[in-house]
Amino acid sequence: LMYLSYPVAFILAFANGANDIANSMGTSVGAKALTLRQAIVLGAVFEFLGAMTMGQFVSKTISKGVLVPTEYTGEAQTFALVMFCVLVATASTTLLATSYGFPISATHGIIGGLIAAGLASGGT
């Protein structure tokens, strides 16, 4: 399951990055303030810097109180499967919505997926 998670996590990171770039740089490119190449380079640099400097704080905020991992004590496989399902669901919906130009929040997808998968697996 862990080896399947790596490509899915990469797809989610790609889709989320594409969505973030479209949201933050779309108006600049549309107004011709930046070329598409400049927007992609600047976006890649600042997405990377943001993830490296602030990513841990975002993860801590998201993980507070959504799912209680201690309820899965002794059920590590169930917890891993729940997390994998959330990863697949968020990656697929973010990628599809972004490719069709629909507005989406990957963070909302993750929170909703955690709540639904946690309730379905018997957690709280």
K.L.:
Determine, using the 4.5 Å side-chain heavy-atom cutoff (strictly less than), whether Met83 and Val8 are members of one ILVMFWY cluster.
P.N.:
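Different clusters.
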
K.L.:
Hydrophobic clustering (ILVMFWY, side-chain heavy atoms < 4.5 Å, transitive) - are Val88 and Leu114 grouped together?
P.N.:
no

K.L.:
Please check: side-chain N/O of Asn19 versus main-chain N/O of Ala15, any donor-acceptor pairing under 3.5 Å?
P.N.:
no

K.L.:
Give a yes or no on whether Leu12 and Ile21 share a hydrophobic cluster (residues Ile, Leu, Val, Met, Phe, Trp, Tyr; joining criterion: side-chain heavy atoms under 4.5 Å apart).
P.N.:
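Different clusters.
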
K.L.:
Once rounded to the nearest 0.5 Å, what's the spacing between atom CE of Met2 and atom CG of Leu4?
P.N.:
11.0 Å

K.L.:
How many angstroms lie between OG1 in Thr90 and CD1 in Ile11, if you round to the nearest 0.5 Å?
P.N.:
12.5 Å

K.L.:
Drop me the distance from Leu49's CG to Met54's CE, to the nearest 0.5 angstrom.
P.N.:
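If we round to the nearest 0.5 Å, Leu49:CG and Met54:CE are 12.0 Å apart.
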
K.L.:
So how far is it from Leu81 CG to Leu1 CG, rounded to the nearest 0.5 Å?
P.N.:
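Here the interatomic distance stands at 6.0 Å.
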
K.L.:
Using 0.5 Å steps for rounding, measure from the CE atom of Met25 to the CG atom of Leu34.
P.N.:
6.0 Å

K.L.:
Closest heavy-atom contact between Gln38 and Ala33?
P.N.:
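So the two residues come closest at OE1-O, 4.5 Å.
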
K.L.:
Quick check on the hydrophobic clustering: are Leu95 and Phe10 connected, directly or via other members, by side-chain heavy-atom contacts under 4.5 Å?
P.N.:
no

K.L.:
Nearest 0.5 Å, what's the OH-CG distance between Tyr6 and Leu87?
P.N.:
12.0 Å

K.L.:
State whether the side chain of Thr94 and the backbone N or O of Ala91 hold a donor-acceptor pair below 3.5 Å, judged by distance alone.
P.N.:
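A pair under 3.5 Å: no.
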
K.L.:
Do Ile115 and Val86 share a hydrophobic cluster, counting only Ile, Leu, Val, Met, Phe, Trp and Tyr and linking them when any side-chain heavy atoms are less than 4.5 Å apart?
P.N.:
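As far as the 4.5 Å side-chain criterion goes, Val86 and Ile115 are connected within one cluster.
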
